[in-house]
Asker: 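Handing you a structure now.
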Amino acid sequence: MNIKNKIKQIREIHKLNQSEFAERLGVTQKIISNLESGKNEPSLQLIKNLTITFNISIIWLMNEDEEDFDYKAYEMNIDDDMITMPEIDN
C-alpha cells in the first residue's frame, strides 16, 4: 500500500475529516487533499508529525510492502486518538 492510502487510512481510523486531520497535523486541508490524491508527497516534517501525533510506526508508513493494518497482528487502541502497535521481534 502506498503512502497516500496509508495517510487516508490513518485519518479514517480516527474518524476525522480532512480539515480535522489537517488541524491536528498543523497543515491545511488542501495539503491533506493533495497527499491523499497523490498530487504531492509528504514532507519529512509531516511524516514526523504523523508518527508522533497518531503514534504509528514510521516503518509501516514508509514501507510500501506493508499493507493495511492487520487487525489480528496489531493491538490497536484508539481511545486516546492513538494507534498502539506492539513490539515486533525479528
Asker: Got a donor-acceptor contact below 3.5 angstrom from the T53 side chain to the N49 backbone?
Answerer: yes

Asker: Rounded to the nearest 0.5 Å, what separates atom CD in E41 from atom CD1 in I47?
Answerer: 8.0 Å

Asker: Roughly how far, to the nearest 0.5 Å, is the CG atom of L61 from the CD1 atom of I56?
Answerer: 4.5 Å

Asker: Using a 6.0 Å cut-off, check whether atom CD of E12 has over 12 heavy atoms from anything other than its own residue.
Answerer: yes

Asker: Measuring from I7:CD1 to Q18:CD, what's the distance to the nearest 0.5 Å?
Answerer: 11.0 Å

Asker: Kindly compute the distance separating OG (S37) from CD1 (I32), expressed to the nearest 0.5 Å.
Answerer: 11.0 Å

Asker: Is there side-chain contact between K15 and E20, with at least one heavy-atom pair below 4.5 Å?
Answerer: no

Asker: Whether the side chain of K4 engages the backbone of K39 through a donor-acceptor N/O pair (distance < 3.5 Å, no angle test) should be reported.
Answerer: no

Asker: How many angstroms lie between atom CE of M62 and atom CG of L50, to the nearest 0.5 angstrom?
Answerer: 10.5 Å

Asker: With heavy-atom distances below 4.5 Å as the criterion, would you say the side chains of L16 and I10 are in contact?
Answerer: no

Asker: What distance separates K48 NZ from L25 CG, expressed to the nearest 0.5 Å?
Answerer: 13.5 Å

Asker: Passes ring pair (Phe, Tyr, Trp, His ring centres under 6.0 Å), H14 versus F54? Steps please.
Answerer: CA-CA 9 Å; H14 290 277; F54 295 99; 4.8 Å; yes

